[in-house]
Amino acid sequence: TVDWTPESEEDVLKAEVRGADGTAIATVEYKPNLTEPLKVTSVQSTKITTRGASLHGKVTGMDDSYEYKYGICYSKDKEPTIGEENTTAIEGKDMKDGVFQVDVSGLEHSTTYYWRAYATEDGEITLGDVKSFKTKTPTEVSVTTGTVSDQGANYVTLAGLLEGADGANSCEYGFYY
């Protein structure tokens, strides 16, 4: 038994087994793997609208010896898994300090979606924990025309109030005369 704590990837433990006459029978060399295992975390959902959301993930334990892909997978099913029929996967881009964001659009309003972050390392998929969000319910849009606040020979200043537009849907507004 050897009590040994490596301090770097370059540390190597060599052991030699000798027979009773002192001749070498076997030599064993052990090089530790000190890299942190890949860990994927589903962080949070933000900017939830009637048709989309921004989903955030985090990946730690990546090193330069593998090619990684990462992103988000989501579904209406409670266990979204890459490759499943009802699951959509979107690859992430622009990771900074292990954190990335994926913007999802084209969703149904008033619907609960389940999602998780993922990363692939040398073909192996690591999944984060499952999170959920519910897209917003569209609201009734109402327009109230205000009064004329100023007018001159060639101009008029009008006011109006637009309520219920959440920015997720197209909405045009103006004055008609």
Full working for side-chain contact (heavy atoms from CB on, under 4.5 Å) between His56 and Thr46: CA-CA 8 Å; His56 306 263; Thr46 61; 2.9 Å; yes
Pair Thr157-Val148, side-chain contact (heavy atoms from CB on, under 4.5 Å): steps then yes or no: CA-CA 6 Å; Thr157 303; Val148 174; 6.0 Å; no
With a 6.0 Å cut-off (strictly less than), is the heavy-atom count around [atom1] of [X], excluding the residue itself, greater than 12?
{"X": "Asp129", "atom1": "CG", "result": "yes"}
{"X": "Asp21", "atom1": "CG", "result": "yes"}
{"X": "Asp97", "atom1": "CG", "result": "no"}

Single-linkage hydrophobic cluster Leu127~Leu38, side-chain heavy atoms < 4.5 angstrom: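 Cluster IDs for Leu127 and Leu38 differ.
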Within one Ile-Leu-Val-Met-Phe-Trp-Tyr cluster: Ile48 and Leu55, side-chain cutoff 4.5 Å: yes
For the student: nearest non-hydrogen atoms of [X] and [Y], plus distance:
{"X": "Phe100", "Y": "Val59", "answer": "CE2-CG2, 3.9 Å"}
{"X": "Phe133", "Y": "Ser45", "answer": "CB-OG, 3.6 Å"}
{"X": "Gly92", "Y": "Val102", "answer": "CA-CG2, 3.9 Å"}
{"X": "Tyr118", "Y": "Ile72", "answer": "CE2-N, 3.3 Å"}
{"X": "Ile82", "Y": "Thr87", "answer": "N-CG2, 4.4 Å"}
{"X": "Lys78", "Y": "Val130", "answer": "O-CG1, 3.5 Å"}

Could you measure the distance from the [atom1] atom of [X] to the [atom2] atom of [Y]? Nearest 0.5 Å is fine.
{"X": "Glu121", "Y": "Tyr68", "atom1": "CD", "atom2": "OH", "value": "4.0 Å"}
{"X": "Tyr113", "Y": "Leu107", "atom1": "OH", "atom2": "CG", "value": "4.5 Å"}
{"X": "Lys134", "Y": "Thr112", "atom1": "NZ", "atom2": "OG1", "value": "5.0 Å"}
{"X": "Asn86", "Y": "Lys76", "atom1": "CG", "atom2": "NZ", "value": "9.0 Å"}

State whether the side chain of [X] and the backbone N or O of [Y] hold a donor-acceptor pair below 3.5 Å, judged by distance alone.
{"X": "Ser42", "Y": "Gly57", "value": "no"}
{"X": "Tyr74", "Y": "Val104", "value": "no"}
{"X": "Thr41", "Y": "Lys39", "value": "no"}

Results of salt bridge (charged side-chain N to carboxylate O under 4.0 Å, His left out) for Glu91 - residues two or more places apart only: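 With neighbours one apart ignored, the set is empty.
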Between Gln101 and Asp103, a side-chain donor and acceptor under 3.5 Å: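 Side chains of Gln101 and Asp103: pair found under 3.5 Å.
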Side-chain touch Arg51/His109, heavy atoms, less than 4.5 angstrom: yes
Close side-chain approach of Arg116 to Cys73, heavy-atom, < 4.5 Å: yes
Stepwise side-chain contact (heavy atoms from CB on, under 4.5 Å) check, Ser75 with Tyr114: CA-CA 5 Å; Ser75 176; Tyr114 300 89; 5.7 Å; no
